[in-house]
Number of protein chains: 2
Amino acid sequence: MHHSFMDSGRQTPRPALETGTHDVGRRIRLLREEHGISLSELARRAGIGKATLSGLENGFRNPTLETLWAITAELGVPLASLLAADTTSVIRGTAVEGVLLQVFEDESVTYELYRLVIPAGSTQVSPAHHEGVTEHMTIFAGVLNAGPVNAPLLAGAGEHITWRSDVPHIYATVGDEDVQASLLIRYPRP
Amino acid sequence: MHHSFMDSGRQTPRPALETGTHDVGRRIRLLREEHGISLSELARRAGIGKATLSGLENGFRNPTLETLWAITAELGVPLASLLAADTTSVIRGTAVEGVLLQVFEDESVTYELYRLVIPAGSTQVSPAHHEGVTEHMTIFAGVLNAGPVNAPLLAGAGEHITWRSDVPHIYATVGDEDVQASLLIRYPRP
DNA sequence: GATGACCGTTCCATATACGGAACGATCCGT
DNA sequence: ACGGATCGTTCCGTATATGGAACGGTCATC
């Protein structure tokens, strides 16, 4: 944004509302640049205004679902991928038995992949973790109730659940079958 | 503001725009009912208008990101879960059937997390991916022989294998049990 | 050093998403 | 039967997200 000095007499650019809006904008800009197309070009192809896209990428707009759909459709990514990164957390409970299979250290993020076995009948609560951490579980056997303590999600064999771990979260088996699952924890670096 | 003259008397209820809006509304209503709270109550807690929520649940509105965040925060679910239908895509090779559970886009790398089911007795060969791509499988049931075609690795339930997929690679079941596994593919960006 | 094509940003009138209030319906307790 | 509470919907003025049209900047080609 090399627009000279300070752009005096103009309409007040609305201050970016929440951090989330910034993140979505940043991700759109990244994706667009990966595709190697200009802002004008993407706006044209997606059938939206350049002003809209510009404001959105810079975090000054609060876009409409329709707008986001138009953009993601053109970029060929699921809309959810724009919202993927959030959350916090930490680890490790005691009732849950986990084996660390692999750690991925990348520039701005670390992933840890675990294989979990949770004995039938057990419940474990983990405290809130750092902001930005997310947990992603895939259930292969049994039924698990997991997620934020005030709104856990239920998943059976073959299902997948995701939550932000910046609030206390719980793992509780349901039924009398041991739960077998994989857990991927994502730690963005500040 | 400049609300013009030709603003005819009535405000016609806008026809629901796309199917996607309907789906999001339906999912919100379902989640709300699961929580056992009324529309009025949710609107109050989330700090949005009843009119907004009503119109949204019925598919007559094109909500703003801000509005969606307020609602999902109150319901305790990630916003992406409202768009779940867009996230799941199925890949199907000759033998392997996989559901894409999640995509992580980070600065210099992308991860894709799949859940796989490979019917007993099947074999599939996949062509090489770009250089630097690696695959990481966790086996939950059955026995799998997978990896580079000239040096595949054997893994049974509870085991984990990793290989570089910049060469042709193979997936072959061993024994007569279906293989259940999770597959994490890591794509570094050039 | 023009000219023209394109870029990203900003200005602005218009369209529309927003919340507050009014509404009829339902369900109490009295 | 009657208030009063709460429900979901609709009405409507206001706030704001939108796209089109400037605008200034950069980069070619002449």
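Predicted model, so just to flag it, every value in this text is computed and none were measured. Within every chain, numbering begins at 1; the chains are lettered A, B, ... in the order of the sequence lines, protein sequences first and strands thereafter.
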(request) Just say parallel, tilted or perpendicular for the rings of A:Tyr171 and A:Trp163, cut-offs at 30° and 60°. (result)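 The arrangement is perpendicular - the two ring planes meet at more than 60°.
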(message) To the nearest 0.5 Å, what is the distance between CG on A:Leu42 and CG on A:Leu53?
(response)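 The distance works out to 5.0 Å.
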So, is [X] close to the [N] phosphate, meaning a side-chain N or O under 4.0 Å from OP1 or OP2?
X	N	result
A:Ser40	C:dC6	no
A:Asn58	C:dT9	yes
A:Ser54	C:dG8	no
A:Ser38	C:dC7	yes
B:Arg32	D:dG8	yes

(request) Just jot down the side chain to side chain contact (heavy atoms under 4.5 Å, CB included) partners of A:Ser54, sequence neighbours excluded, or say none. (result)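 A:Ser54 satisfies side chain to side chain contact (heavy atoms under 4.5 Å, CB included) with A:Leu39, A:Asn58 once adjacent residues are dropped.
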(request) Using the test side chain to side chain contact (heavy atoms under 4.5 Å, CB included), find all partners of A:Leu154 that sit at least two apart in sequence or belong to another chain. (result)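 Result, side chain to side chain contact (heavy atoms under 4.5 Å, CB included) vs A:Leu154: A:Val143, A:Asn145, A:Val174.
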Given [options], which nucleotide is nearest the side-chain atoms of [X]?
X	options	value
A:Thr64	D:dG8, D:dA17, C:dG8	D:dA17
A:Arg61	C:dC18, D:dG19, D:dG8	D:dG19
B:Thr67	D:dC7, C:dT10, C:dC18	C:dC18

Whole angstrom is fine here: how far is it from [atom1] in [X] over to [atom2] in [N]?
X	N	atom1	atom2	result
B:Ile37	D:dG8	CD1	C1'	14 Å
A:Arg29	C:dC7	CZ	P	14 Å
B:Glu66	C:dC18	CD	C1'	10 Å
A:Phe60	D:dT16	CZ	P	16 Å
A:Leu39	D:dG19	CG	P	12 Å
B:Trp69	C:dC18	CH2	C1'	17 Å
B:Leu56	D:dT10	CG	C1'	16 Å
A:Ile28	C:dG8	CD1	C1'	16 Å

(message) Test: salt bridge (Lys or Arg N to Asp or Glu O under 4.0 Å). Region: residues 171-184 of chain B. Which pairs qualify, not counting sequence neighbours?
(response)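 Of all non-adjacent pairs touching residues 171-184 of chain B, none passes salt bridge (Lys or Arg N to Asp or Glu O under 4.0 Å).
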(request) Would you mind listing every salt bridge (Lys or Arg N to Asp or Glu O under 4.0 Å) that reaches into residues 49-58 of chain A, with sequence neighbours excluded? (result)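 Every salt bridge (Lys or Arg N to Asp or Glu O under 4.0 Å) pair that includes a residue of residues 49-58 of chain A, provided the two are not neighbours, is A:Arg29-A:Glu57, A:Arg32-A:Glu57.
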(message) According to side chain to side chain donor-acceptor pair (under 3.5 Å), who are the partners of B:Glu33, at least two apart in sequence or on a separate chain?
(response)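 Once residues adjacent in sequence are excluded, B:Glu33 has no partner under the side chain to side chain donor-acceptor pair (under 3.5 Å) criterion.
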(request) Could you list by number each residue of residues 44-52 of chain A showing a heavy-atom separation from DNA chain C of less than 4.0 Å, or answer none if no residue does? (result)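 Listed by number, they are A:Arg44, A:Lys50, A:Ala51.
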